[in-house]
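Counting starts at 1 for both ligands and their atoms, following the listed order.
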Amino acid sequence: MTDQLNIGIIGGAGYTGGELLRILLNHPFVNVQFVHSKSHAGKPVWATHTDLLGDTDLLFTGDDLAMLVAQDGLDALFLCSGHGASATFMAEHDISDDIIVIDLSADFRDEHDDFVYGLPELQRERIQEATRIANPGCFATSIQLALLPLAKAGRLTDAVQVSAITGSTGAGQALAPTTHFTWRNNNVSIYKAFSHQHLAEIRQSLTQLDPDFSHAINFVPYRGDFTRGIMANVYTPYAGTLDEAKELYRAYYAGHPFTHLSDSPVDVKQVVNTNKCFLHLELHDGQLLITSVIDNLTKGASGHAVQNMNLVFGLPEDTGLKLKSVAF
Ligand SMILES: NC(=O)c1ccc[n+]([C@@H]2O[C@H](COP(=O)([O-])OP(=O)(O)OC[C@H]3O[C@@H](n4cnc5c(N)ncnc54)[C@H](OP(=O)(O)O)[C@@H]3O)[C@@H](O)[C@H]2O)c1
């Protein structure tokens, strides 16, 4: 029997914080020791994450962070705050190396300050040894899982084209013109074409597997009028048969519990509310099309973070993550 892991969450009132709580409160080896929130200090967690009524009596704490992270017995800390806040927190606090830090923001994804990029399908062994983990971005996860087998086999021989659509929760809880129901409903739009911030971490991983990879990654991100999920459609020239490509993907993801190749076309609802990534391949006139679907808040964020926690603490990778999709 594994001892209970004592966990702290910082920035707990947002979307990824809420999703993390939903998973950790049902994790067999986790005790949530505290959930810090600047905006909701003193309020019951269920008053913000209202579906958790009946699941927890925890209150958000606004206590001094230096005191909270110095508490005896704290095993891991999840950082769920917005861009830049994790870097500030780490600069201002001396966190013991005995405490595992898993950051969901983009602040350390370039692996500075001893952070390891937390994509188990790329580098599970490095994550198992890490004390600081930078959880990947949501688009970045779906796109990388579509490309890693090709990069590993040296089969990325030309530019990569990507169009990917995300649900509105990808933008966080704060209301903005582009997350307002009136604008988002019955609407589709693109943003940050060819310049999305996740391109850097995608290239970092691809060149880790194939140091010669220097081709363009032409990424057009879309905002969808649904709340959760990402579909990425990725294509690139491929000189080989479809069966050969499928074998490449099956071999690469053998032993990875969440990433699966489907012979049938995939859709977002198959993976919403799960930590899975489903992939589907098609070959058209020498272009290999890879469709990749994930839930932006689970495999794209909080589920992925728990997967990394499981790896660091030597638990089976899918502990607490055998989640049911909504399906329809
Ligand atoms: N959303 C996604 O799909 C996704 C996927 C991958 C990575 N990420 C990354 O994860 C980090 C957190 O993302 P997020 O989507 O959780 O952002 P969010 O919903 O905007 O929450 C960010 C922070 O806002 C604060 N906050 C301030 N006022 C609030 C209010 N009225 N209600 C709720 N929270 C409030 C919370 O901190 P306090 O509790 O301290 O006030 C919370 O940690 C970001 O760095 C993001 O880039 C997000």
Is atom 46 (C) of ligand 1 touching the protein, meaning some protein heavy atom lies under 4.0 Å away? no
I'd like to check which ligand 1 atoms, numbered from 1 as shown, lie under 4.0 Å from a non-hydrogen atom of Gly170. 1 (N), 2 (C), 3 (O)
Considering only the protein, which heavy-atom contact is closest to atom 48 (C) of ligand 1, and what is its distance? Thr16 CG2, 3.6 Å
Going by the order shown, which atoms of ligand 1 are within less than 4.0 Å of some heavy atom of Ala301? 5 (C), 6 (C)
For atom 39 (O) of ligand 1, closest protein heavy-atom neighbour: Ser37 OG, 2.6 Å
Can you report which non-hydrogen protein atom sits closest to atom 18 (P) of ligand 1, along with the distance? Gln173 N, 3.6 Å
Nearest protein heavy atom to atom 40 (O) of ligand 1, by residue and atom, and its distance? Lys38 N, 2.8 Å
Determine whether the side chain, the backbone, both or neither of His40 has a heavy atom under 4.0 Å from any heavy atom of ligand 1. side chain
Give a yes or no on whether the backbone of Val160 and the side-chain of His215 come within a donor-acceptor separation of less than 3.5 Å. no
Would you say Ser302's side chain and Thr298's backbone share a donor-acceptor pair under 3.5 angstrom? no
How far is atom 21 (O) of ligand 1 from its nearest protein heavy atom, and which residue and atom name does that atom have? Gly14 CA, 3.4 Å
Can you find a side-chain donor-acceptor pair between Glu111 and Gln204 that sits under 3.5 Å? no
Worked verdict on Glu317 versus Asn310 for side chain to side chain donor-acceptor pair (under 3.5 Å): CA-CA 5 Å; Glu317 203 166 329; Asn310 288 339; over 6 Å; no
For atom 12 (C) of ligand 1, which candidate among Cys80, Ser105, Gly172 provides the closest heavy atom? Cys80
Among protein heavy atoms, which lies nearest atom 9 (C) of ligand 1, and at what distance? Leu104 O, 3.3 Å
Do Phe60 and Val45 touch side chain to side chain, with heavy atoms closer than 4.5 Å? yes
Should you measure from each heavy atom of Gly12, which atoms of ligand 1 turn up under 4.0 Å away? 39 (O)
Verify, without hydrogens or angle tests, whether Asp295 (side chain) and Asn273 (backbone) share a donor-acceptor contact under 3.5 angstrom. yes
After noting the C-alpha distance and the side-chain angles of Asp243 and Thr241, does the key distance pass the side chain to side chain donor-acceptor pair (under 3.5 Å) rule? CA-CA 5 Å; Asp243 283 345; Thr241 67; 5.6 Å; no
Within-cut-off N or O pair, Gly11 and ligand 1, under 3.5 Å: yes
Whether Gly82 lies under 4.0 Å from ligand 1, heavy atom: yes
Please work out which of the three classes, parallel, tilted or perpendicular, describes the rings of Phe108 and His112, given edges at 30° and 60°. tilted
So for Ala13 against ligand 1, with non-hydrogen atoms under 4.0 Å, the contacting part is both
Presence of salt bridge, Glu247 and Arg250, under 4.0 angstrom: no
Tell me, which protein residue and heavy-atom name are nearest atom 6 (C) of ligand 1, and how many Å apart are they? Gly300 O, 3.2 Å
Determine all donor-acceptor pairs shorter than 3.5 Å in which one atom belongs to a side chain in residues 319-328; sequence neighbours excluded.
{"from": "Thr319", "atom 1": "OG1", "to": "Pro316", "atom 2": "O", "distance (Å)": "2.7"}
{"from": "Ser325", "atom 1": "OG", "to": "Ala327", "atom 2": "N", "distance (Å)": "3.3"}

Would Ser81 count as a contact of ligand 1 if the rule is a heavy atom under 4.0 Å away? yes
Any sub-3.5 Å donor-acceptor pair from Asn296's side-chain atoms to Ile230's backbone N or O? no
Looking only at heavy atoms, is any part of Thr169 under 4.0 Å from ligand 1, and if so is it the side chain, the backbone, or both, or is it neither? backbone
Closest protein heavy atom (residue, atom, distance) for atom 3 (O) of ligand 1: Asn296 ND2, 2.9 Å
Please set out all donor-acceptor pairs under 3.5 angstrom arising from side-chain atoms of residues 89-98, sequence neighbours excluded.
{"from": "His93", "atom 1": "ND1", "to": "Phe89", "atom 2": "O", "distance (Å)": "3.0"}
{"from": "Ser96", "atom 1": "OG", "to": "Asp98", "atom 2": "N", "distance (Å)": "2.9"}
{"from": "Asp97", "atom 1": "OD1", "to": "Arg132", "atom 2": "NH2", "distance (Å)": "3.4"}

In ligand 1, the atoms that come under 4.0 Å of a heavy atom of His83 are 45 (O)
Please tell me whether Phe219 and Phe139 form a close aromatic pair, meaning their ring centres lie under 6.0 Å apart. yes
Which ligand 1 atoms are under 4.0 Å away from a heavy-atom of Leu297? 1 (N), 2 (C), 3 (O)
